[in-house]
Amino acid sequence: MGNIDSLPVRSDLVGQQPHGAPHLNVPVQLNVNENAYPIPEVVTEAMRRAVDGHLAGLNRYPDREFTALREHLVTYLDGVNERAVGSVDLVPEMIWAANGSNEVLSHIVQAFGGPGRTALGFTPSYSMHPLITTGTGATWVAASRDEEFELDAASVAAEVARVDPDIVFLCTPNNPTGTSIGLDVIAAAYENCRGIVIVDEAYAEFSRPALPSAMTLLEGRPRLVVSRTMSKAFACAGLRLGYAIAAPEVIDALRLVRLPYHLSDITQVLACTALDHADLLLGNVDRLIDSRTAIAERLATLGFTVYPSDSNFVLFGNIASPADLWQQLLDRGILIRDIGIPHHARVNAGTEAETNAFLAALDDIVATAPDTLLSHR
Ligand code: PMP
């Protein structure tokens with residue numbers, strides 16, 4: 001990056017680095033939590049036809065209220081709720097959508113954060129939560145998870161009461177740890193908070209089926225917001241579509257900060273088509289969970305600490321040097337993520353072939369450079 005110090009840039013941006021993992025063109029990319037499988041041909045065909053019907057109308061601005069997309073999201077989420085414990089009657093007025101859940105989160109923080117306000121999160125967690133917060137001029141306060149990266153209701157309640165934030169971020173399953181929290185933890189945060197409680201459920205579709213969504217807590221909790229995305233299980237990271245579910249009043253507040261026509265017509269039509277084919281797009285979730293299990297078991301056998309994951313990635317610890325391991329794997333054509341937690345790294349569940357390549361590379365490192373792997377033997 002060039003030197004921006006000579007520009008009249010905001011003083012809080014000086015010295016900062018842009019967010020983002022190294023984008024390297026290697027054969028096996030297991031570093032940014034995408035769905036490893038491409039979009040099935042039946043769906044790409046349907047997408048092609050759908051976009052075709054919208055091209056001539058691109059002289060007009062898109063539907064600012066993305067009406068059809070909201071209805072599609074309600075239909076999809078109603079199906080999800082059938083599997084969850086408890087239920088919630090969703091209506092389109094409770095749905096928001098934007099270009100990825102990053103933009104959804106940014107709308108929420110623009111509306112409820114800003115200068116003089118505070119957001120609380122429980123780290124390690126998704127690194128964009130603090131960046132989105134401070135980007136609006138709000139203050140970020142980090143509380144810690146326990147040694148296993150878990151959270152319990154009592155400690156979350158105490159921390160929320162102590163900090164008295166305007167916004168609380170909870171992430172479940174949590175990135176980068178993969179661990180989940182129970183509804184009791186979310187309810188405890190809410191009860192001790194006067195502000196907005198955001199539950200970031202980007203990886204929800206990879207959870208154990210018995211784990212209910214925070215959506216089931218929405219009834220009677222007008223300050224609770226659940227954020228989700230089509231970037232992960234839905235295999236549509238390139239589409240850029242995230243959404244939130246909350247009381248209609250919260251959604252009204254988000255309208256105040258969004259840019260006019262923020263969701264392009266093409267995005268809306270592609271997202272609707274993807275949702276029409278939800279079963280096909282989610283069809284590889286079980287295979288990815290199998291890959292996750294294979295990776296977790298192998299890492300544990302090798303002596304790494306492995307954290308229980310409800311997502312499409314595995315966090316592992318007891319690594320002698322994450323930077324060395326990252327390089328050793330890269331030398332073998334495999335990209336994982338050094339997430340900056342000492343002695344830890346994160347790896348995605350890939351396709352069967354990618355997962356096997358990762359496991360074979362690990363075996364090779366064990367055979368050729370075993371001393372570089374583990375901190376404690
Ligand atoms: N939340 C979490 C926890 C994430 O890990 C990510 C992506 N890494 C996002 C939100 C944002 O994803 P997107 O903008 O693609 O929806």
Side-chain angles (χ1 to χ4, degrees), residues 18-23 29-36 39 66 69 73 76 95-110 119 121-133 135 142 145 149 151 167-181 186 197-207 211 213-214 225-245 254 258 262-264 267-268 270-271 274-275 281-282 288 292 307 309-315 335-341 345-349:
H19 171 88
H23 211 91
Q29 306 200 0
L30 303 175
N31 66 332
V32 288
N33 302 350
E34 298 149 329
N35 185 323
I39 300 198
F66 38 98
L69 175 57
L73 284 166
Y76 168 63
I95 306 287
W96 187 248
N99 297 284
S101 53
N102 278 328
E103 192 181 48
V104 168
L105 296 172
S106 135
H107 286 159
I108 300 168
V109 181
Q110 282 181 65
F122 295 84
T123 55
S125 190
Y126 181 39
S127 56
M128 279 307 295
H129 295 161
L131 286 179
I132 289 170
T133 298
R145 291 166 172 264
F149 300 129
L151 286 176
I167 297 172
V168 177
F169 280 96
L170 295 170
C171 189
T172 182
N174 184 47
N175 179 12
T177 61
T179 50
S180 295
I181 52 174
I186 298 164
V197 175
I198 303 175
V199 184
D200 184 338
E201 289 191 351
Y203 301 93
E205 289 93 344
F206 293 106
S207 295
L211 277 185
S213 162
V225 189
V226 182
S227 154
R228 288 194 161 207
T229 182
M230 294 177 72
S231 296
K232 310 296 179 181
F234 241 96
C236 287
L239 176 60
R240 309 306 298 130
L241 202 288
Y243 53 97
I245 309 103
L254 304 184
R258 63 110 186 271
H262 67 289
L263 273 183
S264 90
T267 302
Q268 294 184 41
L270 286 176
L275 288 159
L281 286 171
L282 295 169
L288 290 165
R292 173 183 87 197
Y307 298 86
S309 173
D310 274 308
S311 62
N312 64 336
F313 53 81
V314 176
L315 179 75
L335 190 56
I336 66 164
R337 187 79 169 260
D338 177 357
I339 24 85
I341 307 176
R346 193 190 69 194
V347 60
N348 291 168

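Counting starts at 1 for both ligands and their atoms, in listed order. Keep in mind that what you see is a predicted model, and the values were worked out from it rather than measured.
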Next item on the list: Go through the structure and list residues passing ring-ring contact (aromatic ring centres under 6.0 Å, His included) with Phe313, not counting sequence neighbours.
Entry: Tyr203
Next item on the list: From the options Ser207, Ser180, Cys171, Pro173, select the one residue that forms a side-chain contact (heavy atoms from CB on, under 4.5 Å) with Ser311.
Entry: Pro173
Next item on the list: Could you check Leu270, Leu69, Val104 and say which one makes a side-chain contact (heavy atoms from CB on, under 4.5 Å) with Leu241?
Entry: Leu69
Check: Strictly under 6.0 Å, is that where the ring centroids of His262 and Phe66 end up?
Finding: yes
Note to self: I'd like the contact residues of ligand 1, where contact means a heavy atom below 4.0 Å.
What the structure shows: Gly100, Ser101, Asn102, Tyr126, Cys171, Asn175, Asp200, Ala202, Tyr203, Thr229, Ser231, Lys232, Arg240
Next item on the list: Go through the steps for Arg228 and Glu205 under the test salt bridge (Lys or Arg N to Asp or Glu O under 4.0 Å), then give the verdict.
Entry: CA-CA 10 Å; Arg228 288 194 161 207; Glu205 289 93 344; 3.7 Å; yes
Note to self: So which atom in Ser125 and which in Phe122 form the shortest heavy-atom distance, rounded to 0.1 Å?
What the structure shows: CB-O, 3.3 Å
